[in-house]
Amino acid sequence: MTDVTINTGGSVICLVSGAGAPMRFHAVWLRDNAWDGETRSPGNGQRLITINSLPADVRIASASISGGKLSVTFAPENKTADYDLGWLARHAYDRPARSVRGWTPDSIETWDKGLTPKLPRAAFNEVKTRPGALRDWLAGVARYGVGVLTGGPVKPEALLEVAALFGYVRETNYGRYFEVRTEVNPTNLAYTGLGLQAHTDNPYRDPVPTLQILYCLENSAEGGENMVVDGFAAALRLKAENPAWFDVLTKYCANFEYAGEKGVRLTSRRPMIELAPDGELIAVRFNNRSTAAITDVPFEDMATYYAAYRRLAQIIDDETMEVTFKLSPGECFIVDNTRVMHARKGYSGAGSRWLQGCYADKDGLLSKLASLEAETLEAAQ
Ligand code: FE2
């Protein structure tokens, strides 16, 4: 049984249920979130009013509960709106403000080498033909920021079919996709494939591409494994070791740039560890090749900044943080480029390595996942 009380003046309503904690809601919040046909489009759910359409002195004249619904009459409009109690419980905001810097939502899980046996993997044909398989694989990618697909076609541009599973390719100055191809010549050390430090791609873009797909077409050289590192886990380990070092990398912007081809001068100014205003860890940017002269750290903090940057790099290079796998032709992996760093181990010996890469965006992936999950829920009802 849920009871409702209204404070003096009618600016706040309080719902008290037998089991749960009290939930307070402001009159203006409730009015703004009414779902009647004049407030929201019955067709697409979009709001039809602006904040300026609401009286500044909106207040609750009366309220009652029956049949799982809260019914509120607002003054001075004399308008009545109904709210589903379940919806109110899911959207309640009456809780203490977050005080932790670097918190992450329950929907994601940070990881280290221990993820190896649980790395989200699926067969290309399965996710292409079975929505439930696609849903489960995308859920893994959303949770861990990385996933592998196996058994795909061994043909150029197959990676575009992977992007089309959930969204759209993000075209850049490198084209719709780009080639990552090296011939290994064992008689000349200069042509030995060098390893690359784990990095996020294109930190010099604003916004950065939020997903990257790397698709293997040939991989007969010795070595050349791919490895991935959870940038959120690395950032949180830095915070546990030295909170001041974590803070300095969140507090100041780094500078990134790429001007490696004619007509292109990409620059960005963003922190290596980015927090939302409420402290949520939302992005990591880390790329030794694209970091420009850092000029936005005050003189007094530059030495600390570099100590923090060095330690973050050591953590990223720590083998206990990395998950390693070798792709066979027709296999690919996807990373959340705002979070998970990728790298290539060095390779040698006769053979060739040919990957194609492209960018896409996470909003499309999360949208596809949410719609597949909603279909699953509807089917279960
Ligand atoms: Fe890369």
Side-chain angles (χ1 to χ4, degrees), residues 119 141 144-149 157-160 162-163 169-182 184 192-219 221 223-235 254-261 264 266-268 270 272-274 283-292 309 312-313 315-317 319 321-327 331-347 352-362 365:
L119 189 67
V141 174
Y144 299 108
V146 60
V148 170
L149 279 185
E157 301 194 350
L159 81 172
L160 303 179
V162 177
V169 165
R170 174 150 158 206
E171 193 167 351
T172 69
N173 53 296
Y174 303 128
R176 288 198 79 206
Y177 64 91
F178 46 88
E179 306 287 348
V180 187
R181 189 166 199 167
T182 312
V184 179
T192 299
L194 293 174
L196 290 175
Q197 187 183 32
H199 58 276
T200 59
D201 259 38
N202 293 199
Y204 41 77
R205 296 186 199 281
D206 188 4
V208 298
T210 46
L211 293 173
Q212 178 171 197
I213 298 164
L214 280 167
Y215 197 104
C216 179
L217 294 170
E218 290 176 14
N219 204 4
E225 291 92 352
N226 283 97
M227 66 99 143
V228 286
V229 175
D230 184 359
F232 283 7
N255 301 80
F256 301 97
E257 71 180 19
Y258 174 76
E261 61 189 272
V264 176
L266 289 159
T267 60
S268 75
R270 284 286 181 273
M272 288 199 195
I273 301 173
E274 185 174 6
V284 167
R285 294 175 185 78
F286 189 85
N287 189 318
N288 66 306
R289 289 165 293 147
S290 312
T291 306
Y309 177 22
L312 179 63
I315 292 170
I316 287 165
D317 285 348
E319 288 191 352
M321 302 295 288
E322 70 186 45
V323 169
T324 304
F325 48 87
K326 184 161 183 174
L327 295 179
E331 296 183 344
C332 70
F333 73 100
I334 184 167
V335 283
D336 175 345
N337 191 49
T338 66
R339 168 184 171 188
V340 172
M341 288 166 286
H342 61 281
R344 182 188 74 202
K345 298 270 193 187
Y347 51 97
S352 59
R353 188 172 185 272
W354 178 21
L355 278 71
Q356 290 186 324
C358 73
Y359 301 117
D361 280 309
K362 211 165 67 169
L365 186 150

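Here the structure is a predicted model, which means the values were calculated and not measured. Residue numbers run from 1 in the order of the sequence given. For ligands, and for the atoms within them, numbers begin at 1 and follow the listed sequence.
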Would you name the heavy atoms of M341 and D230 that are closest together and state the gap between them? CE-C, 4.4 Å
Pairing residues for E179 by the side-chain contact (heavy atoms from CB on, under 4.5 Å) criterion, not counting sequence neighbours: Y177, W354, Q356
Applying the side-chain contact (heavy atoms from CB on, under 4.5 Å) criterion to P203, which one of L266, N255, N287 satisfies it? N287
Within less than 2.8 Å, report the number of protein N/O/S atoms around the Fe ion (ligand 1). 3
Shortest non-hydrogen contact from R176 toward C358: O-CB, 3.5 Å
Once the angle between the rings of F325 and F333 is folded into 0 to 90°, is it parallel (under 30°), tilted (30 to 60°) or perpendicular (over 60°)? perpendicular
Under the criterion side chain to side chain contact (heavy atoms under 4.5 Å, CB included), I'd like the reasoning laid out for T338 against V208: C-alpha separation, chi angles, the key distance, then a yes or no. CA-CA 8 Å; T338 66; V208 298; 4.2 Å; yes
